[in-house]
There are 2 protein chains.
Amino acid sequence: MATETQRSTGRRRNPATRATILATAFDVVAELGYAGLTIEKVAARAGVGKQTIYRWWPNKGALVLDAVLERTAGSGPEGADGAPAELPDTGDLEADLIAVLVATVAEFADPDFDRALRGLTAAIIEDAELAGAYRERLDGPMRELKKRRLRRAQEVGQLDPDVDLDLAVDLVFAPVAQRWTERSGDLTPDGARAVVRHALRGLAAR
Amino acid sequence: MATETQRSTGRRRNPATRATILATAFDVVAELGYAGLTIEKVAARAGVGKQTIYRWWPNKGALVLDAVLERTAGSGPEGADGAPAELPDTGDLEADLIAVLVATVAEFADPDFDRALRGLTAAIIEDAELAGAYRERLDGPMRELKKRRLRRAQEVGQLDPDVDLDLAVDLVFAPVAQRWTERSGDLTPDGARAVVRHALRGLAAR
DNA sequence: TTGTCAAGACGAAACGTCTCGTCTCTTCAA
DNA sequence: TTGAAGAGACGAGACGTTTCGTCTTGACAA
């Protein structure tokens with residue numbers, strides 16, 4: 001996965017087949033959940049041999065991670081053109097973070113995305129290796145964007161210059177993520193606003 | 001589970017059998033993880049018929065939830081005597097919350113507890129019904145304790161009286177929980193201290 | 001010639017249901 | 001008070017089914 005080396009001779013991997021499998025996998029996990037996802041089911045729906053899936057993905061978790069990555073490509077740190085995207089920076093830190101968090105809440109409201117991401121999370125929870133791949137390819141880049149935005153706020157004196165940026169990111173974004181994971185309360189734009197407001201008060205420059 | 005009504009006639013449920021099954025289930029999930037836990041394996045190890053498990057628990061998730069509950073009983077909101085416990089209240093809010101969070105970090109450091117709780121979380125992520133039971137029986141009571149401690153802080157003027165207590169709890173405790181879930185960083189007592197310090201700054205009375 | 005692909009056969013493992021015989025506890029009539 | 005009858009719990013494991021991951025086959029493209 002991490003290193004998709006190209007073989008020297010013989011028939012090449014078919015990119016269309018790969019795309020079909022990943023799209024089907026996303027649909028299946030969105031419909032049936034991670035527990036309901038079966039390699040056999042994906043193969044049958046995609047019109048593909050089981051071995052074709054087993055040849056390129058070691059297990060369900062890796063397949064679902066790739067499926068989610070493929071689907072979210074474009075909203076990630078790199079735009080469609082490959083240029084690195086950035087978080088909004090209007091100068092108003094609070095408004096910018098609220099915009100990001102409200103967008104996140106909106107994504108969670110989409111049932112397909114919700115179930116797919118729950119499937120991925122279920123896989124990650126118990127699989128340290130997959131968790132590493134997830135951090136490297138999804139969470140990490142997003143976190144880097146958040147830290148960049150906060151670092152700019154530090155430079156402008158809107159944020160305590162001594163605070164650890166990873167800690168700051170966690171304070172702002174973990175409460176909403178945690179609520180989603182545990183379903184321990186509604187996820188509303190207003191709630192997101194309150195989180196940002198109070199978190200920033202704790203992180204402000206004195 | 002929620003209502004264990006007593007049948008009028010016939011042999012009663014054997015509490016020792018129940019305890020053996022739950023203890024075995026905890027061991028198995030701590031050793032093999034949730035994906036590696038099998039009803040057949042638990043039955044065999046516990047020296048129990050499969051039907052005895054299927055009779056009392058509808059699925060793996062419910063079994064693991066009960067197993068974790070049984071193991072954590074005593075450290076819950078009720079002491080061994082059944083009297084409701086409380087979070088520490090020395091008058092120093094920051095120190096009290098740090099003590100709780102550092103204890104949580106220490107629990108996560110125990111490999112058995114870590115794997116068992118990961119198994120439970122894996123089950124909960126995809127099962128809304130089980131998530132409800134979890135909130136009602138584990139998370140909810142603990143959250144109530146936290147809110148009580150914070151409410152007292154509000155009354156003493158150490159906390160913004162207008163802030164929503166659920167939000168406050170999330171701000172203080174979600175960052176560490178999230179790090180554990182995603183394995184996105186070390187869980188250290190110092191990290192816990194920093195979280196509490198900044199979260200409280202954002203929640204303080206002005 | 002080498003490697004991909006769809007199709008599906010294969011044995012192993014776990015599923016959840018069921019049946020069996022044994023046991024203990026409750027109920028009720030003598 | 002007692003003791004048979006009935007109701008479930010329990011251990012054991014057989015059952016048909018599903019999914020697992022591997023392997024084989026024949027077609028085809030580089």
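Numbers restart at 1 for each chain; the letters A, B, ... are given by sequence-line order, proteins then strands.
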### Query
Between B:W56 and D:dA9, does any side-chain N or O lie under 4.0 Å from OP1 or OP2?
no
#### Entry: Check against side chain to side chain contact (heavy atoms under 4.5 Å, CB included), A:D160 and B:R201
CA-CA 12 Å; A:D160 184 345; B:R201 243 218 282 168; 3.1 Å; yes
### Query
When the distance from CZ of B:R55 to P of C:dC18 is rounded to whole Å, what number comes out?
13 Å
### Query
Do B:K50 and D:dG13 have a side chain to base donor-acceptor pair shorter than 3.5 Å?
no
### Summary
Rounded to whole Å, CD1 of B:I53 lies from P of C:dC18 at a distance of 18 Å
### Query
What integer distance in Å separates B:K41:NZ from C:dA12:P?
17 Å
### Message
Does C:dA6 have its OP1 or OP2 closer than 4.0 Å to a side-chain nitrogen or oxygen of A:T52?
### Response
yes
### Message
Is there, by distance only and without an angle test, a donor paired with an acceptor across the side chain of A:R11 and the base of C:dT4 below 3.5 Å?
### Response
yes
### Query
Once you round it to whole Å, what is the distance between P of D:dT22 and OH of A:Y54?
7 Å
#### Entry: Nearest-angstrom distance from the residue atom CH2 of B:W57 to C1' of C:dG16
16 Å
### Query
Should A:K60 and A:L65 count as side-chain neighbours, where that means a heavy-atom distance under 4.5 Å?
no
### Task
Compare the minimum distances between each of C:dG16, D:dG8, D:dT19 and the side chain of B:T9, then state the nucleotide with the smallest one.
D:dG8
### Message
Check this for me: does the side-chain of A:Q51 come within 3.5 Å of the base of C:dC5 through a donor and an acceptor?
### Response
no
### Query
Can you tell me if the side-chain N/O atoms of B:R12 get under 4.0 Å from OP1 or OP2 in C:dT26?
yes
### Query
Distance under 6.0 Å and angle within 45° of the ring axis: does A:R118 meet both against A:W180?
yes
### Task
Would you mind reporting whether A:L167 and B:P175 have side-chain heavy atoms less than 4.5 Å apart?
no
### Query
Taking for each residue the nucleotide of DNA chain C with the nearest heavy atom, is it A:N14 or B:I39 whose nucleotide lies nearer the 5' end?
A:N14
### Message
Need to verify one output field. Residue with the more 5' nearest nucleotide on DNA chain D, B:I21 or B:E40?
### Response
B:I21
